[in-house]
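One structure is given below, encoded as structure tokens.
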Amino acid sequence: MHVGHGRGAAYGAAVADLLAAVGYKVHREYYVNDAGRQMDILAASVWLRYLDLCGENENDELPFPVNGYKGDYVWDIAATLHREDGDAYRHAAAIVLSNLPKDESEGGDSGGDKEQYIDAVISRAKELLGDIAYRKVFDTGLNSILEDIRRDLEGFGVVYEEWFSERQLTENGAVGRAIERLKDSSHLYEKDGAWWFRSTDFGDEKDRVVVRDNGQTTYFASDIAYHMQKLERGFDRVIDVWGADHHGYVPRVKAALTALGDDASKLDVLLVQFAILYRGGERAQMSTRSGEFVTLRELREEVGDDAARFFYVMRKCEQHMDFDMDLAKSQSSDNPVYYIQYAHARVCSVLRQLDEKSIEHDSNNGLAHLAVLTESHEQSLLTRLSRYPEVVESAALNHEPHQLAHFLRDLANDFHTYYNAHQFLVDDVALRDARLCLIRATRQVIANGLGLLGVSAPESM
RNA sequence: GCGCCCGUAGCUCAGCUGGAUAGAGUACCGCCCUCCGAAGGCGGUGGUCACAGGUUCGACUCCUGUCGGGCGCGCCA
């Protein structure tokens, strides 16, 4: 999983948890793009690497497509396939390559077209392998990648109730049904052999193709079917989290929902801007092309899950963000995550002192004497704590977890200030019990708040 | 060319659906532990809220335009 998806994952998870915290029944769903050409390209790439492992490339007679997926994970998948099924999918290199069009060269123009070439390789794979074997290669690749993503996100504290398959939408007829409904309501028309959705009727800048002239439905058709079905499943509100580079698709998806007679205002699309990673004051390489892109896993390993989750939601989602990896992993006061976690750990440390000094905390006595908390630092801490519910509600309803992040920072500041100004473990029992109630409440709110952002609250650091 | 997002202190960002002298962190300078963790606290320096108009009793906030940065504008996914 590319690090570019990290912000959307952290943001979506925080919004979902916030909404759940204020009482919404939340269903978290990951939309799996398992239909379409990119998965076929993966399958073809895996197959070619597999043939290599079978020994079909001993004399470099089996070139790898310019447009194929070159990552190491493709080799891993091919190896799994070879380990499990041996030479079952093996075909001679000469047969695989016979009569294929020219591939584009790495440099650029050699007369070949890389798109046409990879498509030809895919067709050849389907033709030689047959449906069942092709499906096996395809699914081995897909499942491997999905499993990887699932593990990665789970480790990141981002979990879903459902992994929704795009392919399923075609197979269970939802895509066809959506298209029929649009045809019946005459929102589709045929032109140049393709079927177009008249999205301009709903304010989009141009009409969009849903069925290509070759009979294949487009990605947009799946989108329509997905959202149609989502509302059919009985959800009153749908929140999509998209990368901001897809912003142009919002009008057409909403247009389609309106055309279907659904209420498009039930759909909120949250666009998450890119986060630019900085390391050592320089932009970290993130391009996919080089094959050397930073993965979410690498980021997690480098800065830690807590810092990554917190940094990703520290800013408004529509704000372009600079992610300073050096700051995120620094264990110093510069780092807001440590600052907040430290406040939590400090309270825990004070509570540990109770045991060491054999002091009992009578919380009922403390609650009965809250009126003695008259110091200005105590007042501001109390006031801050009392705002927590409204901050959570506002952060949830506005889909702005950064509000909570900022609140926690301020709360930690109030606490640290208080800590420096006053002793908690005083001889006056009523005052001591009341103060311990206050800092326990502080600890609880910090733990709850960090929890909503997917960040841990350690008892010591 | 058109569309979306952004432009607030040297740097990274808040500013709660317009309200009083614009706030944090960081950086820089100076203080504070015989005391529950100094991974902390306190004070100071620092801004023409990109620019120009407009609406308003009042604009960082709303509208228009300009400039600058990012991202999109396929019968790709």
Side-chain angles (χ1 to χ4, degrees), chain A residues 33-42 67 115 119 166 191-196 203-223 242-252 269 271-276 278 281 311 314-324 327 330-343 345-354 356-357 359 377 387 390-391 393-395 397-398 400 402-403 405-407 409-410 412-426 432 435-436 439 458 460-461:
Chain A
N33 293 133
D34 54 2
R37 215 166 71 103
Q38 60 184 13
M39 289 310 302
D40 279 319
I41 295 178
L42 174 69
N67 229 13
E115 303 294 346
D119 281 340
E166 179 191 349
K191 192 182 94 183
D192 303 331
W195 284 92
W196 297 70
D204 197 7
E205 30 184 54
K206 53 182 288 196
D207 293 340
R208 312 289 174 177
V209 171
V210 288
V211 186
R212 291 189 262 164
D213 59 5
N214 64 7
Q216 296 239 303
T217 56
T218 60
Y219 184 83
F220 176 45
S222 300
D223 274 350
W242 294 0
D245 51 338
H246 288 83
H247 67 82
Y249 298 75
V250 179
R252 75 187 69 162
V269 181
L271 300 168
V272 181
Q273 294 289 340
F274 291 139
I276 301 168
Y278 284 88
F311 271 59
M314 207 162 51
R315 309 300 181 208
K316 287 186 296 206
C317 71
E318 66 265 34
Q319 177 71 250
H320 302 264
M321 178 173 82
D322 286 347
F323 191 125
D324 185 340
L327 177 59
S330 81
Q331 306 210 349
S332 74
S333 59
D334 314 357
N335 189 336
V337 187
Y338 279 87
Y339 185 81
I340 297 165
Q341 289 180 322
Y342 180 44
R346 256 186 160 174
V347 176
C348 294
S349 178
V350 172
L351 297 178
R352 279 193 295 273
Q353 287 290 316
L354 289 182
E356 287 177 26
K357 296 182 178 172
I359 301 173
H377 292 128
R387 291 216 183 97
E390 68 182 78
V391 169
E393 184 174 331
S394 172
L397 299 183
N398 294 304
E400 293 186 343
H402 78 274
Q403 287 186 28
H406 284 274
F407 169 84
R409 212 265 155 213
D410 291 339
N413 181 27
D414 289 336
F415 172 76
H416 287 307
T417 302
Y418 180 38
Y419 182 96
N420 262 282
H422 300 283
Q423 193 80 12
F424 306 142
L425 303 180
V426 291
R432 184 179 70 214
R435 285 183 170 172
L436 287 172
I439 67 168
S460 65
M461 304 166 64

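Quick caveat, the model's predicted, so the values are computed rather than measured. Throughout, a chain's letter reflects where its sequence line sits, starting with A, and its residues are numbered from 1.
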Fill in: Separation between NE2 of A/H320 and CZ of A/R315, rounded to the nearest 0.5 Å
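Going from NE2 on A/H320 over to CZ on A/R315, the span is 14.0 Å.
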Phosphate oxygens OP1/OP2 of [N]: is one of them under 4.0 Å from a side-chain N or O of [X]?
X	N	result
A/Y339	B/G41	yes
A/N214	B/C75	no
A/Q216	B/A77	no
A/T417	B/C42	yes

For the pair [X] (side chain) and [Y] (backbone), establish whether a donor and an acceptor sit closer than 3.5 Å, ignoring hydrogens and angles.
X	Y	result
A/N335	A/L327	yes
A/T417	A/N413	yes
A/R432	A/V426	yes
A/R252	A/V250	no

Counting only side-chain heavy atoms from C-beta out, which of [options] sits nearest to [X]?
X	options	answer
A/E205	B/G3, B/G37, B/C75	B/G3
A/R37	B/G72, B/A77, B/C75	B/A77
A/D213	B/C71, B/C75, B/C36	B/C75
A/R346	B/G41, B/A38, B/G72	B/A38
A/L425	B/A77, B/C75, B/C36	B/C36

Worksheet item: For RNA chain B, whose closest nucleotide is more 5', that of A/Q273 or that of A/A345?
Response: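 First, find each residue's nearest nucleotide; the 5'-ward one identifies A/Q273.
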Item to complete: Assign each of A/R212 and A/H416 to its nearest nucleotide of RNA chain B by heavy atoms, then name whichever residue's nucleotide is nearer the 5' end.
Response: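 Residue closer to the 5' terminus by nearest nucleotide: A/H416.
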Fill in: 4.5 Å side-chain heavy-atom contact, A/L436 and A/L354
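Sidechains of A/L354 and A/L436: in contact.
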Name the nucleic acid region contacted by [X], choosing base, sugar-phosphate or nothing; use a 4.0 angstrom heavy-atom cut-off, strictly under.
X	result
A/W196	base
A/N413	sugar-phosphate
A/S349	base

Item to complete: State the pairing partner of B/C2; accept Watson-Crick or G-U wobble contacts with both distances under 3.5 Å, and report none otherwise.
Response: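 Paired with B/G72.
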Worksheet item: Do A/H247 side-chain and B/G3 base share a donor-acceptor contact under 3.5 Å?
Response: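 By the distance-only test, yes, there is a pair.
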Worksheet item: Is any N or O donor-acceptor pair between the side chain of A/Y249 and the base of B/A77 shorter than 3.5 Å?
Response: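 Yes.
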Worksheet item: Can you check whether A/F424 and A/Y418 have ring centres sitting under 6.0 Å from each other?
Response: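 Yes, they do, as the ring centres are separated by less than 6.0 Å.
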Worksheet item: How does protein contact run along nucleotides 6-15 of chain B, one letter per nucleotide 5' to 3', with B for base contact, S for sugar-phosphate only, - for none, heavy atoms under 4.0 Å?
Response: S-----SSSS
Restricting both atoms to N or O, compile the protein contacts to nucleotides 44-47 of chain B shorter than 3.5 Å, with distance only.
none

